[in-house]
Amino acid sequence: MDTRDLLFGLNEIEGVGWKTIEKIHQAGLLAENVFLCSAEDWEKKGINAKIAVRLADDFNKEWIYARHLLMKESGVAMVTILDEGYPALLKEAPQPPWVLYYRGRLELASNPAIAMVGTRVPTAYGRKVGELLAEELSAAGFTVVSGLARGIDSVCHEAALRSRGSTIAVVATGLDKVYPPENRELELQISREGLVLSEYPLGTKSHPGLFPQRNRIIAGLSLGTLVVEADSRSGSLITADAALEAGRDVFAVPGQVTSPKSRGALDLIKQGAKLVTGAADIVEEYISYLPAALPEEAKTAANLRGAQETLTEKKLTSEESHLYHILHQGPFTLDELLTRTGWDFGLLHSVLLSLIIKKAVSQLPGAIYKVI
């Protein structure tokens with residue numbers, strides 16, 4: 001039985017977390033004679049008394065074989081930090097998981113990736129922006145990484161699946177416990193076409209404390225993390241913090257200054273996160289990471305600032321189309337547009353930002369807007 005099997009077996013024991021395995025590793029116990037350790041031996045190595053008893057009673061070859069069999073029967077595979085297939089970028093992050101369980105295409109975890117996260121209850125604007133940016137980043141050759149949660153996560157996964165790229169869902173449960181339950185079909189689709197990852201053994205149920213740990217994996221797999229829409233207490237800000245801790249970039253989409261859903265992203269921008277109004281703002285940071293074999297049309301999509309799109313390709317909504325045609329008579333200031341449309345500030349601001357993201361409209365100094 002090799003060291004990777006021992007790592008897997010330890011990870012499967014209830015109550016044994018990252019730090020406990022680190023203690024065992026540092027103590028040089030990752031060898032077959034570890035099965036001879038009594039509870040007292042484990043305690044001498046600094047292991048909690050309750051966990052020490054559990055290790056002495058349950059941690060043996062039969063236990064490991066049984067867990068391997070259960071994993072195989074569930075259609076789940078695993079990779080350890082000792083394996084060549086382990087994602088190199090994740091290995092560089094703080095506290096990389098000792099074991100990753102997965103369904104799908106593990107090679108995607110080695111692709112250039114961007115994490116996309118945000119609120120579980122997005123506005124129409126947040127959903128629209130998340131969808132558009134995920135499609136464009138995916139088309140440009142990036143894998144979109146998110147957490148399969150309600151709201152922005154789901155929007156970004158779905159958009160990436162529709163595009164020419166790929167997506168990874170990192171979950172905070174065992175791979176046999178989908179959370180939220182309504183994302184069962186989405187999880188199945190990602191496991192077929194993309195990759196679903198977890199550091200938790202089969203049978204692990206959803207628990208609030210597991211999500212912040214999950215977020216460090218999302219950030220660790222990615223070159224940068226994009227916060228699409230988030231309030232000041234959003235869990236997506238934990239992912240942004242994890243990205244910074246791992247030495248990765250943080251990006252944020254600006255939203256309405258009057259919207260509570262925008263406060264987290266706006267605060268990140270104040271703190272130095274790069275403001276994103278289109279996928280090009282991210283692509284330009286990582287153009288050297290794009291695959292050399294990327295189709296020419298996708299490379300054109302990657303250089304979005306110069307892309308020549310028709311209005312049909314931009315998929316303007318009726319409100320966007322109305323404002324776009326008004327601006328054809330412009331340029332106009334924000335106040336002039338408020339008068340001409342008769343809209344309230346929130347709606348106008350949202351539609352303007354959407355048109356800017358779609359590269360249909362640009363903003364000039366002095367809050368003046370014109371068509372591109």
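Below, all heavy atoms of this structure are taken into account, side chains as well, without hydrogens, waters or symmetry copies.
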Enumerate the side-chain hydrogen bond (donor to acceptor under 3.5 Å, both in side chains) contacts for [range], please, sequence neighbours excluded, ordered by first and then second residue.
range: residues 241-264; result: D249-Y286
range: residues 15-30; result: E22-Q26
range: residues 335-349; result: T333-E336
range: residues 179-191; result: R150-E182, S154-N183, R184-E187, Q189-E193

Under 3.5 Å, sequence neighbours excluded: what are the donor-acceptor pairs made by side chains of residues 106-119?
from, atom 1, to, atom 2, distance (Å)
E107, OE2, R105, NE, 3.3
N111, ND2, T143, OG1, 3.3
T119, OG1, V121, N, 3.0

Find out if a path of hydrophobic residues (ILVMFWY) with successive side-chain heavy-atom gaps under 4.5 Å connects [X] to [Y].
X: I269; Y: V253; value: no
X: I81; Y: L6; value: yes
X: V155; Y: V129; value: no
X: L148; Y: F211; value: no

Can you check side-chain hydrogen bond (donor to acceptor under 3.5 Å, both in side chains) on Y101 and N11, steps first, answer last? CA-CA 11 Å; Y101 304 87; N11 202 68; 3.0 Å; yes
Partners of [X] by side chain to side chain donor-acceptor pair (under 3.5 Å), sequence neighbours excluded?
X: K61; answer: E32
X: H207; answer: none
X: Y200; answer: none
X: S232; answer: none

[X] versus [Y]: any side-chain heavy-atom pair under 4.5 Å?
X: F35; Y: I64; result: yes
X: V144; Y: I168; result: no
X: K370; Y: S362; result: yes
X: W42; Y: I24; result: yes
X: Y125; Y: V351; result: no

As an exercise, state the distance from [atom1] of [X] to [atom2] of [Y], rounded to the nearest 0.5 Å.
X: L237; Y: Q271; atom1: CG; atom2: CD; value: 8.5 Å
X: L352; Y: L327; atom1: CG; atom2: CG; value: 6.5 Å
X: L82; Y: L7; atom1: CG; atom2: CG; value: 5.0 Å

Y369: what forms a ring pair (Phe, Tyr, Trp, His ring centres under 6.0 Å) with it, not counting sequence neighbours? none
Whichever hydrophobic residues join L188 through chains of side-chain contacts under 4.5 Å: none
Can you list everything that forms a salt bridge (charged side-chain N to carboxylate O under 4.0 Å, His left out) with R214? Sequence neighbours excluded, please. none
More than 12 non-hydrogen atoms from neighbouring residues, nucleotides or ligands closer than 6.0 Å to NZ on K91, yes or no? yes
Just do the salt bridge (charged side-chain N to carboxylate O under 4.0 Å, His left out) check on K128 and E320 with the steps written out, would you? CA-CA 12 Å; K128 185 186 302 180; E320 292 165 354; 3.1 Å; yes
Can a salt bridge be assigned to the pair K274 and E285 using a cut-off of 4.0 Å between side-chain N and carboxylate O? yes
